[in-house]
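Residue numbers count from 1 along this sequence. Reckoned from all heavy atoms, side chains included, excluding hydrogens, waters and symmetry mates.
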Amino acid sequence: MKRSVRIAIVLLMMPLGPLAAFAAPAGKVALPLKDYLALVETAERAEKQRAEEQARRETPVAEVVSQRIAVTVGAREAAIVSDFEVLLQGKALRPVLLPLAGFPETIEIRDEAGKAGAAAVAAAEGGVMLNAPQPGRYTVHMTSRAGLETEGGTGRIDLGTVAAPVASTEIDLPADRSWSSPGTVVVDETAQNGRR
């Protein structure tokens, strides 16, 4: 009996030995796995939030990135289609001037997800101002009409200023008309079905 009591006491003390090996050293804490994973998730969430705040503190940018204009010249007026890509970034968003030729007929604005209605335009001298509630890339599609200003047998159309570092203008006019646009580079000119 004495012997079995001693074995029982020794057996009871044995489990404490291995547990003592897993005790946290001084200045450190031992956590259950569930609590550790929750802590890691909280740290990752805080890091993501800090990165988003840093992105919002970026240098404000409000610029037209690309601009494409297609002009179809008729006898007395021109139909103009303008497409703009606008980049807005930073915390304080500024409006962006989009040059507009003629009188606007339709204006469509879409955000980078292709949704309409997130931004708006207001009339401004020389075009329209794009105002957006949040940073992102926006596309603006405008159609307009402009009358030909004729003087001495020459018709003129003011297409506005070039607002983007990447811009193109396509002009479709009767083949018997000549044209000029100072400061531009002609990439291609073809004639077909009485138009060029």
Side-chain angles (χ1 to χ4, degrees), residues 48 50-74 77-149 151 154-175 177-192 195-196:
K48 183 179 177 184
R50 188 173 22 251
E52 288 173 358
E53 287 173 4
Q54 180 66 27
R56 281 188 228 120
R57 278 186 251 149
E58 291 176 342
T59 305
V61 174
E63 67 182 4
V64 179
V65 178
S66 70
Q67 173 179 351
R68 182 180 170 275
I69 298 174
V71 181
T72 304
V73 179
E77 67 177 11
I80 304 166
V81 176
S82 304
D83 289 297
F84 299 92
E85 184 179 351
V86 180
L87 173 64
L88 297 172
Q89 149 184 316
K91 193 170 184 178
L93 297 178
R94 299 184 322 248
V96 179
L97 176 66
L98 304 176
L100 176 66
F103 180 78
E105 293 181 321
T106 64
I107 299 175
E108 297 174 17
I109 307 165
R110 299 202 179 275
D111 62 13
E112 53 198 332
K115 295 181 184 174
V121 292
E125 187 176 333
V128 294
M129 296 295 274
L130 174 69
N131 294 295
Q134 60 191 21
R137 284 186 177 267
Y138 295 87
T139 56
V140 181
H141 177 80
M142 297 190 284
T143 60
S144 58
R145 294 205 170 273
L148 292 174
E149 298 174 14
E151 184 180 312
T154 303
R156 296 181 189 275
I157 301 173
D158 182 9
L159 298 177
T161 59
V162 175
V166 177
S168 72
T169 302
E170 295 177 15
I171 301 174
D172 177 356
L173 67 155
R177 290 200 180 173
S178 62
W179 65 276
S180 70
S181 180
T184 60
V185 176
V186 178
V187 176
D188 185 31
E189 185 170 354
T190 58
Q192 187 176 10
R195 308 267 315 165
R196 66 177 168 142

Closest heavy-atom pair and its distance - [X], [Y]:
X	Y	answer
Leu130	Tyr138	CD2-CB, 4.3 Å
Glu63	Val96	N-CG2, 4.1 Å
Arg110	Ala116	NH1-CB, 3.5 Å
Ser144	Gly102	CB-C, 4.4 Å
Leu87	Val65	CB-CG2, 3.6 Å
Ala132	Leu88	CB-CD1, 3.3 Å

> Side chains of Thr139 and Glu108: does their closest heavy-atom pair fall under 4.5 Å?
Replying inline: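 Sidechains of Glu108 and Thr139: no contact.
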> Above 12 or not: heavy atoms from other molecules or residues under 6.0 Å from CD of Gln192?
Replying inline: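 At most 12 heavy atoms, drawn from other residues, nucleotides or ligands, come within 6.0 Å of this atom.
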> What pairs meet the salt bridge (Lys or Arg N to Asp or Glu O under 4.0 Å) rule with one or both residues in residues 126-146, with sequence neighbours excluded?
Replying inline: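 Only Glu77-Arg145, Glu85-Arg137, Glu105-Arg145 qualify under salt bridge (Lys or Arg N to Asp or Glu O under 4.0 Å).
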In Å and rounded to the nearest 0.5 Å, what is the [atom1] to [atom2] distance from [X] to [Y]?
X	Y	atom1	atom2	result
Leu100	Met142	CG	CE	5.0 Å
Ile171	Arg177	CD1	CZ	12.5 Å
Phe84	Ile69	CZ	CD1	5.5 Å
Asn131	Met129	CG	CE	6.5 Å

Without placing hydrogens or testing angles, list every side-chain donor-acceptor pair under 3.5 Å for residues 156-164, not counting sequence neighbours.
unit_1, atom_1, unit_2, atom_2, d
Asp158, OD1, Gly160, N, 3.0

> Just by modelled atom types, is the Thr106 backbone N or O under 3.5 Å from a matching donor or acceptor in the Thr143 side chain?
Replying inline: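 Here the side-chain-to-backbone pair exists.
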> Who are the salt bridge (Lys or Arg N to Asp or Glu O under 4.0 Å) partners of Arg68, not counting sequence neighbours?
Replying inline: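 With neighbours one apart ignored, the set is Asp83, Glu170.
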> Does the side-chain contact (heavy atoms from CB on, under 4.5 Å) test come out yes or no for Val86 and Leu98, once each step is laid out?
Replying inline: CA-CA 9 Å; Val86 180; Leu98 304 176; 3.8 Å; yes
